[in-house]
Amino acid sequence: MRHRGPGHADEHGGRRRPDVDRGRHPMTAAPAAGTVRTRFCPSPTGMVHVGLIRTALFNWAHARHSGGAFVFRIEDTDAARDSEASYRHLLDSLRWLGLDWDEGPEVGGPHGPYRQSQRHDVYREVAAKLLESGHAYESFSSNEEVDARRRAAGQDPKLGYDNHDRFLTDAQKAAFRDEGRSPVLRLRMPEEDLAWTDLVRGEVRFAAGSVPDFVLVRGNGAPLYPFVNPVDDALMQITDVLRGEDLLPSTPRQLALYAALTDIGVAAGTPRFGHLPYVTGEGNKKLSKRDPQANFDVYPERGFLPEGLANYLSLLGWSIADDRDVFSMAELVEAFDVTRVGVNPARFDLKKAEAINSTHLRALPVAEFTARVVPFLAAAGLVADPPTPEQQAVLEAIAPLAQERMIVLSDAVGLLGFLFTDEVAIDPAAAAKQLGGADAAEVLDAATRSLTALEDWTTPALEAALKQALVEELGRKPRQAFGPVRDAVSGRTVSPPLYESMELLGRERTLARLAAARTQTGT
RNA sequence: GCCCCCAUCGUCUAGCGGUCCAGGACGCCGCCCUUUCAAGGCGGUAGCACGGGUUCGAACCCCGUUGGGGGCACCA
């Protein structure tokens with residue numbers, strides 16, 4: 001079947017670039033620049049899911065790549081579950097990731113309001129037109145009655161509504177009303193196959209008759225998601241709908257609704273659809289709400305970089321090149337092509353997300369890195385925000401050395417904390433590993449003697465003195481020599497380079513820590 | 001039960017009928033660098049689910065099997 005509309009591929013010759021045919025589904029290649037309109041339309045309920053943000057990211061990238069518009073709409077039709085906090089949180093999350101919208105909450109636009117809770121008049125009006133034109137009809141059957149009819153016909157009640165009320169007479173309707181029943185509004189589904197060329201999957205087809213007439217408006221007058229979502233998309237002139245694979249089975253209904261909306265002049269045509277693969281967790285199950293990795297909040301909180309997380313998220317179902325997977329937001333926009341999004345589910349791999357993030361972290365200019373780390377150190381009570389001049393000096397000195405051994409910004413708390421507080425608790429595992437035996441006591445004693453006598457408290461001098469005392473005189477291997485000292489000074493087995501750290505820390509504090517660690521050794 | 005989607009290293013992927021005894025990345029393992037941990041460099045490990053076609057030729061096209069996932073509300 002044909003779908004006409006602002007976005008139909010046939011109108012655009014099926015090629016984005018005349019010289020290169022790169023798309024997986026060239027028949028659905030994007031139209032000319034400036035005409036694409038995508039949208040992101042979450043419900044403000046509960047936590048923000050990483051899969052949801054990935055959907056937002058792809059819609060955004062597609063719009064930006066095409067020079068089109070990205071529309072943000074809030075689907076808050078479920079008053080019982082929606083919350084203002086969740087709404088705010090959604091906006092914050094998108095902004096944190098670096099996604100901006102051309103139309104939507106706090107931005108406005110010509111097709112507002114952009115919150116469905118403020119659009120009830122629109123839905124009422126469209127529903128009335130649908131009823132009047134005969135595309136929709138009033139249905140009085142209760143679920144129990146539908147089930148009973150299915151069973152009586154020897155059918156599985158799972159088949160759902162049986163289109164029983166399609167041709168009720170006015171008298172019949174009046175009789176139901178006299179019983180006190182209020183009808184739901186159902187869309188009359190067409191008697192033909194419903195198919196479309198999916199932007200990511202190619203042609204998808206549902207056989208005629210496999211989808212029953214569905215409910216548009218509840219008996220109490222409340223419009224439902226399968227109705228309001230396409231109505232708003234039509235009114236907001238959305239051309240490209242990128243959404244989760246879970247919504248794929250509902251597409252035939254939307255196609256039928258679009259045909260009706262187009263017929264009554266509400267829609268200008270049917271948008272293109274692209275169904276994005278799931279983001280899965282352990283065991284290939286859709287990443288569930290209970291999975292800690294599914295909660296988007298944990299990434300900003302742990303100190304992922306927005307550009308690092310966005311980079312990783314866009315790798316879930318898409319790739320920029322066969323030999324590269326680290327790129328900037330600008331490069332994502334430049335290269336993103338929906339038709340090259342993969343079809344199979346992608347497992348969220350925290351290790352890889354961290355690896356990608358750490359690459360971005362190391363690529364940061366030092367001043368930028370320092371600025372981004374401060375809020376994490378401040379939240380841990382290690383520095384003031386803004387830092388005092390002394391703190392700032394230490395930070396700037398240590399930043400280049402810390403930067404290359406961190407994965408997320410919050411790592412700075414553990415890695416650099418020892419420079420900003422004297423309440424350094426030695427990590428128990430580190431203590432067990434490095435301070436366990438008599439060897440450690442000897443090493444610490446030798447280090448203490450050597451450093452107490454040291455006149456020039458600088459990195460080169462510290463290095464020379466410690467090597468002399470521990471490696472030369474004590475005959476320790478470097479690993480055994482410096483392990484306990486590092487642990488004493490920083491409280492950890494991994495720290496910024498030792499001599500530089502000691503220089504920054506100063507003689508007194510360094511010696512105090514060696515002494516404190518000495519009491520924890522075996523002898 | 002019905003409908004739909006999917007199937008390349010452990011994981012994310014490249015692959016669009018010959019250039020693939022399948023390339024990259026993460027992970028893992030080893031070596032090098034560093035008389036310090038980490039980082040970095042170098043190398044290694046491991047995969048086209050199975051069976052039939054089509055074709056001179058198939059990871060790639062078709063059919064089937066198996067396996068995985070999702071959807072079937074007066075929720076969104």
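Order of the sequence lines sets the chain letters (A, B, ...), proteins ahead of strands, with each chain counted from 1. The figures that follow rest on heavy atoms only: side chains count, while hydrogens, waters and symmetry mates do not.
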Margin query: Could you tell me if the side chain of Arg253(A) sits less than 4.5 Å from the side chain of Phe206(A), heavy atoms only?
Written below: no
Check: With both distances under 3.5 Å as the test, what is the Watson-Crick or G-U wobble partner of A7(B)?
Finding: U66(B)
Checklist line | Check: Arg405(A) side chain, A38(B) base, donor-acceptor under 3.5 Å | finding: yes
Note to self: Can you classify the ring geometry of Phe273(A) versus His275(A) as parallel (below 30°), tilted (30 to 60°) or perpendicular (above 60°)?
What the structure shows: parallel
Checklist line | Separation of the P atoms in U11(B) and C28(B), to the nearest angstrom | finding: 16 Å
Note to self: When the P atoms of C16(B) and C62(B) are compared, how many Å lie between them, rounded to an integer?
What the structure shows: 16 Å
Notebook entry, point to check: In terms of side-chain heavy atoms, does Asp349(A) have a donor or acceptor partner in Tyr312(A) at a distance below 3.5 Å?
Noted result: no
Checklist line | Strand-adjacent residues in residues 354-364 of chain A, judged by heavy atoms under 4.0 Å from RNA chain B | finding: Ala355(A), Arg362(A)
Check: Taking the same atom, P, in A25(B) and in G43(B), what whole-Å distance lies between them?
Finding: 10 Å
Margin query: Does the structure show a Watson-Crick or G-U wobble partner for C56(B), both distances under 3.5 Å? Name it, or say none.
Written below: G18(B)
Check: Rounded to whole angstroms, how far apart are CZ on Arg324(A) and C1' on A25(B)?
Finding: 13 Å
Check: Given U8(B), is OP1 or OP2 found less than 4.0 Å from the side-chain N or O atoms of Asn344(A)?
Finding: yes
Notebook entry, point to check: Do Arg513(A)'s NZ or CZ and the ring of Phe418(A) fall within the cation-pi criteria of under 6.0 Å and 45°?
Noted result: no
Item checked: Step-by-step salt bridge (charged side-chain N to carboxylate O under 4.0 Å, His left out) determination, Glu368(A) to Arg372(A) -> CA-CA 6 Å; Glu368(A) 175 72 20; Arg372(A) 294 218 213 178; 2.8 Å; yes
Notebook entry, point to check: Rounded to the nearest 0.5 Å, what separation is found between the CD atom of Glu138(A) and the CG atom of Asp165(A)?
Noted result: 10.5 Å
Item checked: Any side-chain heavy-atom pair of Leu94(A) and Phe40(A) under 4.5 Å -> yes
Next item on the list: Counting Watson-Crick and G-U wobble pairs only, both distances under 3.5 Å, name the nucleotide matched with C42(B), or none.
Entry: G30(B)
Margin query: Please classify the nucleic acid contact of Phe348(A) as base, sugar-phosphate, or nothing, using heavy-atom distances under 4.0 Å.
Written below: nothing
Notebook entry, point to check: Rounded to the nearest 0.5 Å, what separation is found between the CG atom of Leu419(A) and the OG atom of Ser501(A)?
Noted result: 5.5 Å
Item checked: Side chain of Val471(A) (C-beta onward), nearest among U35(B), C37(B), C4(B) -> U35(B)
Notebook entry, point to check: How would nucleotides 70-76 of chain B be written as a contact map, 5' to 3', with B for base contact, S for sugar-phosphate-only contact and - for no contact, using protein heavy atoms under 4.0 Å?
Noted result: SS--BSB
Checklist line | Nearest-Å distance for atom pair CZ/P, residues Phe369(A) and A39(B) | finding: 15 Å
Checklist line | d(CH2, Trp318(A); C1', U13(B)) in whole Å | finding: 12 Å
Checklist line | Rounded interatomic separation in angstrom, taking CZ from Phe327(A) and P from G24(B) | finding: 19 Å
Note to self: It should be established whether Ser495(A) places a side-chain nitrogen or oxygen under 4.0 Å from OP1 or OP2 of nucleotide C37(B).
What the structure shows: no
Checklist line | Rounded distance in Å between the P positions of A7(B) and C61(B) | finding: 9 Å
Margin query: Does the plane of the ring in Phe348(A) sit parallel, tilted or perpendicular to the ring in Tyr299(A)? Use 30° and 60° as the thresholds.
Written below: tilted
Check: To the nearest Å, how far apart are Leu315(A) CG and U11(B) P?
Finding: 16 Å
Margin query: So if I take every side-chain heavy atom of Val494(A) and compare against U13(B), C37(B), A7(B), which nucleotide ends up nearest?
Written below: C37(B)
Notebook entry, point to check: If you measure from the P atom in C48(B) to the same atom in G10(B), how many Å do you get, rounded?
Noted result: 8 Å
Check: Which value, in whole Å, describes the distance between the P atoms of nucleotides C42(B) and C26(B)?
Finding: 11 Å
Notebook entry, point to check: Across all strands, who's sitting opposite G1(B) as a Watson-Crick or G-U wobble pair, both distances under 3.5 Å?
Noted result: C72(B)
Note to self: Taking the ring of Phe336(A) and the ring of Phe58(A), is the distance between their centroids below 6.0 Å?
What the structure shows: yes
Next item on the list: Would you kindly give the NZ-to-P distance between Lys352(A) and G10(B), to the nearest whole Å?
Entry: 15 Å
Margin query: With nearest nucleotide decided by heavy atoms, which residue, Val204(A) or Lys351(A), maps closer to the 5′ end of RNA chain B?
Written below: Val204(A)
Check: Expressed in angstrom and rounded to an integer, what is the separation of Leu194(A) atom CG from C3(B) atom P?
Finding: 16 Å
Margin query: What's the gap between C4(B) and C9(B) when it is taken at their P atoms, as a whole Å value?
Written below: 27 Å
Item checked: Check: C4(B) base within 3.5 Å donor-acceptor of Arg205(A) side chain -> no
Next item on the list: Choose from C12(B), A38(B), C37(B) the nucleotide whose nearest atom is closest to any side-chain atom of Arg479(A).
Entry: C37(B)
Margin query: Students often get this wrong, so: under 4.0 angstrom with heavy atoms, is Glu472(A) touching a base, only sugar-phosphate, or nothing?
Written below: base
Item checked: Close side-chain approach of Val241(A) and Thr251(A), heavy atoms under 4.5 Å -> no
Note to self: Using heavy-atom distances to pick each residue's nearest nucleotide on RNA chain B, tell me which of Lys467(A) and Ser319(A) is more 5'.
What the structure shows: Ser319(A)
Next item on the list: Identify whether any heavy atom of Gly483(A) sits under 4.0 Å from a base atom; if not, whether one sits that close to sugar-phosphate; answer base, sugar-phosphate or nothing.
Entry: nothing
Next item on the list: Begin with the C-alpha distance, continue with both residues' side-chain angles, and end with the deciding distance and a verdict on side-chain hydrogen bond (donor to acceptor under 3.5 Å, both in side chains) for Tyr137(A) and Asp213(A).
Entry: CA-CA 10 Å; Tyr137(A) 62 92; Asp213(A) 296 349; 2.6 Å; yes
Margin query: Taking only the P atom of each, what is the distance from G24(B) to C20(B) in whole angstrom?
Written below: 12 Å
Next item on the list: Figure out the CG/C1' separation between Asp349(A) and C28(B), and round it to whole Å.
Entry: 13 Å
